[in-house]
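Naming: A, B, ... by sequence-line order, numbering from 1 per chain.
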Number of protein chains: 2
Amino acid sequence: MESIPWLMETELQARGTAVAGPSITIKDVAALAGVSAATASRVLSGNPATSATSRQKVAAAVAQLDFHPNAQARALRSTRTNIIGLLVSDVRNPFFADLAHAAEQAALAEGFVTLLGNANESIPQQDRYLDTFISQRVDGVIAAPQGQGSSSLHALLERAIPTVFVDRTVDGIDVPSVTTDSDSGIRQAVEHLARQGHERVGYIAGPQSTSTGRDRLRSFSRAAEEFGLSTDPALTYFGDFQSASGSAGAHHLLGLAQPPTALLAADSPMAVGALATLHRKGLRIGRDMALIAFDDIEWFSLLDPPLTVISHDVEAMGRTAVRLLLEVIDGQKPESVVLPSELIVRASSGTPDPSMGQP
Amino acid sequence: MESIPWLMETELQARGTAVAGPSITIKDVAALAGVSAATASRVLSGNPATSATSRQKVAAAVAQLDFHPNAQARALRSTRTNIIGLLVSDVRNPFFADLAHAAEQAALAEGFVTLLGNANESIPQQDRYLDTFISQRVDGVIAAPQGQGSSSLHALLERAIPTVFVDRTVDGIDVPSVTTDSDSGIRQAVEHLARQGHERVGYIAGPQSTSTGRDRLRSFSRAAEEFGLSTDPALTYFGDFQSASGSAGAHHLLGLAQPPTALLAADSPMAVGALATLHRKGLRIGRDMALIAFDDIEWFSLLDPPLTVISHDVEAMGRTAVRLLLEVIDGQKPESVVLPSELIVRASSGTPDPSMGQP
DNA sequence: ATTAGCCATGGAATCGATTCCATGGAATCG
DNA sequence: CGATTCCATGGAATCGATTCCATGGCTAAT
């Protein structure tokens, strides 16, 4: 048993604040255990070529020194970092918060830690993070991508860094993905509104630089036509998936010469923004103006009236993304997964107010 | 100009999916630029001891090879990782989502990336992450800690890893922190309720294993006494800062022999839970039962009635935490920062319904 | 009993960047 | 014009773990 002078607790305590000493390495552990660094390493990584004796001695030394292996050194040699990069657009959006939580927990269960990046719907910032992920030599990336395959995205794929897209995809880039089949939910929503007697439905679209923005708009247009709603292009407002654009969108649509009697927002922050505008204008939701949101959030059902939404299982999406990513890391080529969406009718989508639309 | 056969794009493209080749190192860059690795390294790290010629040649080589330096190797030698660890309890809580977003953006602006950990209000999971942060040799940690200084927390501090507490603190651990002065906001809220004529106010407390849970309860109790409200201990329900416990708390408090006429929840998820219970019971908020939440959230003002809240500046909290952390990393010993809180009166905190409290 | 085979072990090379140190050439000064 | 300083540069050591490879001690098989 050796004494390691610069580790003596008493000395540290005496100074009040600890001072960074030379950190403990596997050699210290090996020396204390009376084995070589190679053997200590084998014990730590669970290599079966170790005797019970050395396993026990190394474990004791690790505990006594409170040894925390240097992840950088390990990663450098073994080319595995046990880090995954998670790129979302904004964790303040509850959808991405749920997604990030689910992915992070699933990754942790598999021994990975998560580097989080918020792209803020900005392509330069997305690229900044992808470049960082490359430099960090992450074992894999889960991304909700934006745009049409930026240079950093190509750099990622050229280096064969395992990547899975989540929520969104990029045309022409063949990467496993976990997405939502927005079409079914939107179709149900439009059908539901048509049945309630709505004819002019305003659509607050997401940015057309995202696959979800495009897909949902296409689904909406197709369904509007199918169920005989107005296909007036003025009824579509292009937002950016953020709350302020929802407000602006609602404001714009309500100001049309022929305003809609119902609004459908392509994500929840924009729905919240639209809600705020409707409140400000004193419109009663579900009576003066119907509102349906894509994405369900716990408290949407607590609003008065409770919001009709298109719901999908975000937690499953995060979990599945991690599962697919692990398969890619493992050298497999998993199939993409498409999760269902469905309409949940609550009380914000009633029949149109006859006083609306007739100025 | 050399050719690097395994990097030829055509070959990669031909295979459809890229195959991980030997990755490009600084030696490749140096060779292509016709300088030594040492010089290339100096250029890359902005060391002034470089000639304009080599700067230009290295830059060209970096661009041509799309070189991304191996962060692990760099960290191993230089003992700086440019990674900070961010430990929160749950990003699905909008408060922590805002905090995480603000901290991550501020860190990015300073050249740091963020490892995110969700402790889920679980001490073992908190420790798991702190241990991981130690192993990753992060340059600093921002944590919303729980409990009374776990072993991993001490391990962190013994190693002199720069740490800043955010939102919460741990008694007896002297670490710079950024917290909210909950007391002023809670005092205002209680005074406001007293003025409205409430006498029995139910308090849905946070877990007493957190400093915020304890502080807010103490503030509430003190204010209740000061303004002459009932100090009946049955009016305090102990939740865990998560939504379900808010529901349970409201349910429990409403079932008392002498139920309260107002509820105050110590964080927003519990307020949402309480809201759900009130809805389910058909109670009109602000009329049958007043409700005030600690933490403001964008859509609280969109509820009907808009929620009275105790608000604080979460974005500033995240930004400040990063600033303090950088100061600690820089060897300084910054003062802790306490941010103010204030009551925002909206419509959920009206006068008590005389029919309540008399079964 | 002798050899083949297995297995735990330690020494040494390795991962990729940074940094210390010695060196040689140009610039500057007396 | 010779001596001194300055500065860009390359070689080599280094960070801390992993892993290849050779070795020696055992057991098992003939």
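The shortest heavy-atom contact between B:Ile84 and B:Phe112 is CG2-CD2, 3.6 Å. Residue B:Leu108 comes nearest to A:Tyr129 through the heavy atom pair CD2-CE1, 3.7 Å, listed as atom of the first residue, atom of the second, then distance. What you find for B:Gln146 and B:Ser209 is that their closest heavy atoms are NE2-OG, 3.7 Å.
As the counterpart of C:dC29, D:dG2 is assigned, both hydrogen-bonding distances of the Watson-Crick or G-U wobble pattern falling under 3.5 Å. D:dT30: Watson-Crick or G-U partner is C:dA1, with both key distances under 3.5 Å. Under the Watson-Crick or G-U wobble criterion, with both distances below 3.5 Å, C:dT23 is paired with D:dA8.
Looking only at distances, no side-chain donor or acceptor of B:Asp98 sits under 3.5 Å from a matching main-chain atom of B:Glu315.
Comparing B:Ala38 and B:Ala73 by the nucleotide of DNA chain D whose heavy atom lies nearest to each, the residue mapping closer to the 5' end is B:Ala38. Nearest-nucleotide assignment on DNA chain D puts the 5′-proximal partner with B:Ala40, out of B:Ser78 and B:Ala40.
Contacts of B:Ser41 with the nucleic acid, taken as non-hydrogen atoms under 4.0 Å apart, include base atoms. Using a 4.0 Å heavy-atom cutoff across all strands shown, B:Thr79 reaches no nucleic acid atom at all. At a threshold of 4.0 angstrom between heavy atoms, the contacts of A:Ser45 with the nucleic acid are absent.
Protein chain A contacts DNA chain D from D:dG16 to D:dC20, reading 5' to 3' and using non-hydrogen atoms of the protein with a distance under 4.0 Å.
Using a cut-off of 4.0 Å between Lys/Arg side-chain N and Asp/Glu carboxylate O, B:Arg92 and A:Glu104 are scored as not salt-bridged. Looking at A:Arg319 and A:Glu110, no side-chain N of the basic residue comes within less than 4.0 Å of a carboxylate O on the acidic one, giving no salt bridge.
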